[in-house]
Amino acid sequence: MIVNILVGIGIALFGFALQTSIGGINRKIVGRLQKRHGPRWYQEFIDIFKLLSKRGISHGWIYDFGVIMALGGIIATAMFMPLTVDIVAFKQFDNFFIFVYLLAVGMLGMAMSASGSGNPWASIGVMRALTTMLAYEVPFLIVALTIINVSDSSSLTAIQAFQQTAGNNWFIIALPLGGLVGVLSLMGMLGKKPFETYIAPAEIASGPMVEYGGKQLGMLFILHEISVFIEVSLFVHLFLGGASNIFIFLIKYFTVYTVVNLISNVNGRFKIDQVVKFFYKWPLLLAIIQAFIAIYLGWVI
Amino acid sequence: MANIEYLLLFLVGSAVISYFLTRLNSFIGSIFTIFATMFVFVSLAAYGFNMNLDTTVSLLPWFSFSQTYLGFFFVIIIAFIYLMVSFFHPYFLDKYPYKNSYNLLFLLSLAGIIGAFYTDHFLQLFFFFEMIIWTTMFLIPQGKSREAAVSYFGFSLTGSVALLIGIFVIYQNVGRFDIQAGLAGISGTTSVFVFVLFMIAALAKLGTFPLHIWLPLAHGNAPHPFSPVLSGALVKLGAFIGILALIKINPIGPVIGAIDLALGQYIIAFIGSLSIVFGTLMAIKEDDAKKLLAYSSMSHGGYILVAFSALNGFAFAGGLYHILAHALASAGAFMAIAAVARATGTTKMKELGGMIHKMPITYLAYLIAIISMAGIPPMGGFISKWLIFQAVIDRGMILIAVAVFFGSVGSFLYVFRPLAALFLGQEFREYKHVKEAPLLMLIPTFIIMGLNIYTGVIPKQIIDFINNIIGENTAFAPVVATTFTVTATYGTLNAGLIALIFGVGVAIAFIIFILMKKSRKVELMDTYTAANFVHDEHLLHYSVDFYAPLERMYEKQSHWMKKFYDALAHKVKEVGKLAKYLFMSNNIGVTLIWILVIIVLLIGVVAL
């Protein structure tokens with residue numbers, strides 16, 4: 001058990017290091033896209049460690065407790081995440097719903113802390129984040145339902161193994177409509193344009209993070225990196241056949257994150273009600289159609 | 001050995017005693033109520049789990065009792081909620097206009113509950129149901145509004161009448177009032193007819209769409225300590241009737257091939273999913289914390305219906321588990337709101353803020369309750385929702401799944417609102433004097449907190465008991481569970497492991513936090529305001545129309561059902577007016593017409 005927990009902590013740490021590096025590389029890629037040099041690839045590490053070492057402010061115990069609960073929840077979620085079919089901390093307990101709902105503990109902690117800061121801008125940011133969540137989760141969960149129903153398991157390693165079995169395609173090919181919905185939902189989850197309304201960094205000096213600084217902000221940065229790791233890995237395992245070894249995982253991970261980031265950078269931004277309307281129109285419809293033809297008609301490519 | 005008959009008589013006796021004691025001194029009367037409820041709960045818990053209660057009847061003629069695992073499951077949950085709530089009575093009773101009768105009615109309604117779940121006779125079931133409705137109907141108007149009680153009674157009456165007709169139809173066909181024999185004895189169209197009637201009763205009691213209007217009215221306006229009972233305990237009567245209809249009667253009808261489910265069950269599941277969606281949307285919009293939780297009860301009622309409609313072992317287990325988890329979660333949340341309302345005198349979210357600094361334990365109780373309510377691990381609600389998800393995926397009920405997932409994510413939105421508006425944010429000046437709830441009120445708060453976590457970490461005992469119910473009432477396969485894990489079609493959930501890992505994660509985060517430089521403490525008003533000087537806390541508290549962009553999208557549609565029932569009520573009133581005009585009018589002309597009609601009739605009869 002101790003070994004498993006250590007493996008889990010290792011995966012969480014690896015996820016943090018991986019996403020922070022790839023995030024840095026992507027800043028450079030986006031920089032080149034915009035004819036800038038872009039920061040060094042390890043700039044994000046510098047930011048985080050600088051923030052952690054600074055002396056910040058605290059708005060009371062819930063402000064601190066929320067941050068701890070949020071980071072704790074996210075670390076716990078990452079500890080369940082399989083990297084490949086073999087590298088997983090808790091075999092057969094890597095249930096899909098854990099990732100959706102344990103992630104929510106982290107989000108709840110962050111929302112609590114932000115609202116506890118007493119700044120109304122933070123509460124507005126939380127409102128937008130939760131509304132966005134209501135938008136992208138439902139189509140995503142319907143596609144996940146289809147995948148679980150087709151592969152006959154809700155364990156992520158089993159879903160990976162199912163796709164790697166000879167004769168089965170990756171689910172992005174086997175369920176093309178569902179794959180499209182998956183990409184859109186992933187962009188919502190990652191808060192990429194056009195669904196980045198709740199952060200909207202260039203427009204308003206607000207959002208959930210408005211009051212943070214110092215170690216609290218540093219911890220929230222770590223939280224953000226690990227949650228991106230969880231979401232992208234989830235996509236890799238559900239739609240791209242997972243990975244049989246760590247290099248394939250790295251390639252797939254890097255590709256997914258970079259592609260999503262590139263799409264994001266040529267888009268504008270939706271208003272919050274447009275986000276909701278969008279997700280409940282096309283992605284939900286496509287997800288339902290996909291579920292119908294895959295489950296009732298059995299048409300899986 | 002505890003005897004059910006004696007327990008009932010004990011409750012009726014203590015109800016009368018508590019009436020006089022409360023008249024003397026409301027505190028003493030309430031303490032007596034606590035002990036009476038505790039005695040009943042302990043007797044039930046000590047003997048009931050192994051079906052060791054004595055069911056013989058010697059003093060109450062015409063009554064007969066039998067014990068079932070299913071009945072006991074409901075009785076023990078409801079009796080527990082009654083016990084927990086009774087701890088609140090000493091601090092609330094003095095505010096109510098008819099405080100003498102409060103404890104009396106409270107204990108009598110508990111007697112009704114015990115009778116209803118232990119009887120084996122349909123007419124007695126109806127009698128006890130009416131006893132519960134009539135006692136609680138007089139409890140509700142002690143709160144804010146009489147209208148709420150009328151609405152509660154009206155909808156309950158619809159349910160009761162449907163139940164009574166169903167019972168008579170069964171009697172007509174089987175010739176007996178015995179519950180088990182009656183349910184087993186009907187078939188064909190009769191069973192469809194009884195199924196529909198029983199489901200109307202179940203929907204009305206459970207407060208699900210389309211019979212949900214009473215729920216927010218009654219929950220929102222009931223006395224604060226009674227709302228947890230309404231939501232955590234009494235609506236579960238509907239679930240019980242629902243089980244009788246969906247599982248026991250289970251009429252044979254057309255089967256939907258794609259999902260291998262009877263049409264009747266699918267329609268109920270669909271009504272359940274409508275209930276989930278409506279409840280969630282209305283809860284997101286609501287400004288009164290208690291009404292918000294009432295709408296969430298409506299949505300959870302939908303989950304329970306979906307679970308029992310799916311007709312397999314883990315769906316059934318998930319439904320029962322959800323009844324337990326929701327009873328604990330909603331009781332915990334309502335009790336926390338009650339504690340806040342006692343201290344501040346309001347449950348309106350726009351009037352409250354920053355209570356966390358004064359009432360941290362109440363806040364924690366609310367937090368744990370809503371984590372369970374939203375189905376987030378490591379609380380009980382996660383296990384039950386997980387089981388329900390498995391069933392929905394297994395059946396491939398796609399449209400139902402949309403609602404189920406929508407309700408699940410939507411619940412994050414609405415449970416967060418009271419958390420942010422009541423407890424977090426700016427601390428208002430007018431509530432500076434507020435103190436944490438007294439110790440006696442914190443005892444049940446702690447117990448419920450503990451149980452919310454227990455149900456989410458160690459599912460073994462509960463699942464084992466549910467397996468007894470499955471064996472007793474159905475032919476479904478039992479659910480496999482070890483101390484910490486539950487297994488369903490699509491894998492195994494290790495609840496204990498999730499809790500452990502969550503603990504590890506929080507520990508790591510805490511270490512990071514503690515190792516870094518200590519933060520400087522600043523006031524709540526000392527926030528970034530884009531260079532504006534804001535001196536009023538209220539202006540820095542964002543709580544009105546929290547989800548405004550989302551609410552705007554369905555603002556027009558949200559009044560449809562209320563308008564429908566208003567129109568219906570209007571029509572009923574018009575019929576009533578006509579009847580009044582015809583039969584009870586003071587108008588001399590109408591009387592003359594009636595006299596003429598009678599004379600003509602008499603002449604006609606005589607002439608024939």
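Because only heavy atoms are used, hydrogens play no part in the values below, and waters and symmetry mates are left out as well, while side chains stay in. Per chain, numbering begins at 1; letters A, B, ... match sequence-line order.
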> Contact part of B/M397 toward chain A, heavy-atom cut-off under 4.5 Å: side chain, backbone, both or neither?
Replying inline: backbone
> Between A/I57, A/I272, A/L52, which residue shows the highest count of heavy-atom pairs closer than 4.5 Å to chain B?
Replying inline: A/I57
> Does the pair A/I5 and B/L500 meet the rule for a side chain to side chain contact (heavy atoms under 4.5 Å, CB included), with working shown?
Replying inline: CA-CA 10 Å; A/I5 290 176; B/L500 174 75; 3.9 Å; yes
>> What part of A/Y296 gets within 4.5 angstrom of chain B, counting heavy atoms only: side chain, backbone, both, or neither?
In response: side chain
> Quick one: does B/H541's side chain have a donor or acceptor within less than 3.5 Å of a partner on A/P120's backbone?
Replying inline: no
>> So does B/P549 get a backbone contact from the side chain of A/D273, meaning a donor-acceptor N/O pair under 3.5 Å?
In response: no
>> How close do B/I376 and A/Y101 get, counting heavy atoms only, and between which atoms?
In response: CG2-O, 3.4 Å
>> Please classify the contact of A/M69 with chain B as side chain, backbone, both or neither, using a heavy-atom distance under 4.5 Å.
In response: both
> What's the shortest heavy-atom distance between A/N149 and B/I393, and which atoms?
Replying inline: ND2-O, 2.7 Å
> Does the side chain of A/F90 come within less than 4.5 Å of B/I501's, by heavy atoms?
Replying inline: yes
>> Does any backbone or side-chain atom of A/L145 lie under 4.5 Å from a heavy atom of chain B? Answer side chain, backbone, both or neither.
In response: both
>> If you count heavy-atom pairs within less than 4.5 Å of chain B, which of A/L71, A/I62, A/T77 leads?
In response: A/I62
> Under a 4.5 Å heavy-atom cutoff, which of B/V415, B/L367, B/T485 has the most pairs with chain A?
Replying inline: B/L367
> Side chain, backbone, both or neither: which part of B/V504 has a non-hydrogen atom closer than 4.5 Å to chain A?
Replying inline: side chain
> Relative to chain A, which segment of B/L515 carries a heavy atom at a distance below 4.5 Å: side chain, backbone, both, or neither?
Replying inline: neither
> Contact part of B/I398 toward chain A, heavy-atom cut-off under 4.5 Å: side chain, backbone, both or neither?
Replying inline: both
> Between A/W61 and B/K521, is any pair of side-chain heavy atoms under 4.5 Å apart?
Replying inline: no
> Counting only heavy atoms not in A/K271, do more than 12 sit closer than 6.0 Å to its NZ atom?
Replying inline: no
> Got a sec: does the CZ of A/F221 have more than 12 other heavy atoms crowding it under 6.0 Å?
Replying inline: no
> Can you tell me how far CD1 of A/I68 sits from CD1 of B/I514, rounded to the nearest 0.5 angstrom?
Replying inline: 7.0 Å
> Which is it for A/L102 and B/F382 under the side chain to side chain contact (heavy atoms under 4.5 Å, CB included) test, yes or no, and what are the steps along the way?
Replying inline: CA-CA 10 Å; A/L102 201 54; B/F382 178 61; over 6 Å; no
>> Between B/E523 and chain A, with a heavy-atom cut-off of 4.5 Å, which part of the residue counts as in contact: side chain, backbone, both or neither?
In response: backbone
> Checking B/L419 against chain A: side chain, backbone, both or neither under 4.5 Å from a heavy atom?
Replying inline: side chain
>> Report which part of B/S543 has an atom under 4.5 Å of a heavy atom belonging to chain A: side chain, backbone, both, or neither.
In response: neither
> Of the backbone (N, CA, C, O) and the side chain (C-beta and beyond), which part of A/I142 lies under 4.5 Å from a heavy atom of chain B, both, or neither?
Replying inline: both
> Just wondering, do B/F416 and A/L108 contact through their side chains at under 4.5 Å, heavy atoms?
Replying inline: yes
>> Under a 4.5 Å cutoff for heavy-atom pairs, which residue among A/L134, A/I295, A/D152 has the most contacts with chain B?
In response: A/L134
>> Treating B/T527 as the side-chain partner and A/N119 as the backbone partner, does any N or O pair qualify as donor plus acceptor under 3.5 Å?
In response: no
>> Check this for me: A/W299, atom CH2, are more than 12 non-hydrogen atoms of other residues, nucleotides or ligands nearer than 6.0 Å?
In response: no
> Based on non-hydrogen pairs under 4.5 Å, which of A/G116, A/G56, A/A144, A/S117 is most in contact with chain B?
Replying inline: A/G56
> So which of B/G425, B/G491, B/P377 has the largest heavy-atom pair count under 4.5 angstrom toward chain A?
Replying inline: B/P377
> If you measure from CG on B/L524 to CD on A/E211, what distance do you get to the nearest 0.5 Å?
Replying inline: 9.5 Å
>> Working to the nearest 0.5 angstrom, can you tell me the gap between A/I222 CD1 and B/I508 CD1?
In response: 11.0 Å
>> Does any backbone or side-chain atom of A/T146 lie under 4.5 Å from a heavy atom of chain B? Answer side chain, backbone, both or neither.
In response: neither
> Hey, what do you get for OG (A/S154) to CZ (B/F389), rounding to the nearest 0.5 Å?
Replying inline: 11.5 Å
> Counting only heavy atoms not in A/F292, do more than 12 sit closer than 6.0 Å to its CZ atom?
Replying inline: yes
> Rounded to the nearest 0.5 Å, how far does OG of A/S53 lie from CE of B/M516?
Replying inline: 8.0 Å
> So which of A/I75, A/V138, A/L130 has the biggest tally of heavy-atom pairs under 4.5 Å with chain B?
Replying inline: A/L130
> A/M112 versus chain B, heavy atoms under 4.5 Å apart: side chain, backbone, both or neither?
Replying inline: both
>> Counting only non-hydrogen atoms closer than 4.5 Å, does A/M133 touch chain B with its backbone (N, CA, C, O), its side chain (CB onward), both, or neither?
In response: both
>> Using only atom types and a distance under 3.5 Å, with no angle test, would you say the side chain of A/E137 pairs donor to acceptor with the backbone of B/F406?
In response: no
>> To check you understand the geometry: which heavy-atom pair defines the closest contact between A/S123 and B/Y542, and what is its length?
In response: CB-CD2, 3.6 Å
>> Please classify the contact between A/I124 and chain B as side chain, backbone, both or neither, with a heavy-atom cut-off of under 4.5 Å.
In response: both
> Around atom CZ of A/F278, are there more than 12 heavy atoms of other residues, nucleotides or ligands at under 6.0 Å?
Replying inline: yes
> Which region of B/K518, side chain (C-beta onward) or backbone (N, CA, C, O), has a non-hydrogen atom less than 4.5 Å from a non-hydrogen atom of chain A, or is it both or neither?
Replying inline: backbone
> Between A/F140 and chain B, which part of the residue has a heavy atom less than 4.5 Å away: side chain, backbone, both or neither?
Replying inline: neither
> Within a strict 4.5 Å, meaning less than it, do heavy atoms of the B/L497 and A/M1 side chains meet?
Replying inline: yes
>> Quick check: do A/L141 and B/V409 have side-chain heavy atoms less than 4.5 Å from each other?
In response: yes
> Picking from A/R55, A/K54, A/Q216, what satisfies side-chain hydrogen bond (donor to acceptor under 3.5 Å, both in side chains) with B/S519?
Replying inline: A/Q216
> What heavy-atom pair brings A/A104 and B/F412 nearest, and what distance separates the two atoms?
Replying inline: CB-CZ, 3.7 Å
> Does A/K215 reach the side chain of B/F513, with side-chain heavy atoms less than 4.5 Å apart?
Replying inline: yes
> Hey, is CD on B/Q557 packed in by over 12 heavy atoms from elsewhere, all under 6.0 Å?
Replying inline: yes
>> Working note: B/Y490 + A/F97, criterion side chain to side chain contact (heavy atoms under 4.5 Å, CB included); need CA distance, chi angles, decisive distance, verdict.
In response: CA-CA 11 Å; B/Y490 296 116; A/F97 290 103; over 6 Å; no
> Taking atom CH2 of B/W386 and atom CZ of A/F96, what is their separation to the nearest 0.5 Å?
Replying inline: 13.5 Å
> What closest approach, in Å, do A/G72 and B/A509 show between heavy atoms, and which atom pair accounts for it?
Replying inline: N-CB, 3.7 Å
> Should B/L550 and A/V276 count as side-chain neighbours, where that means a heavy-atom distance under 4.5 Å?
Replying inline: yes
> Tell me, side chain or backbone of A/F80 under 4.5 Å from chain B's heavy atoms, or both, or neither?
Replying inline: side chain
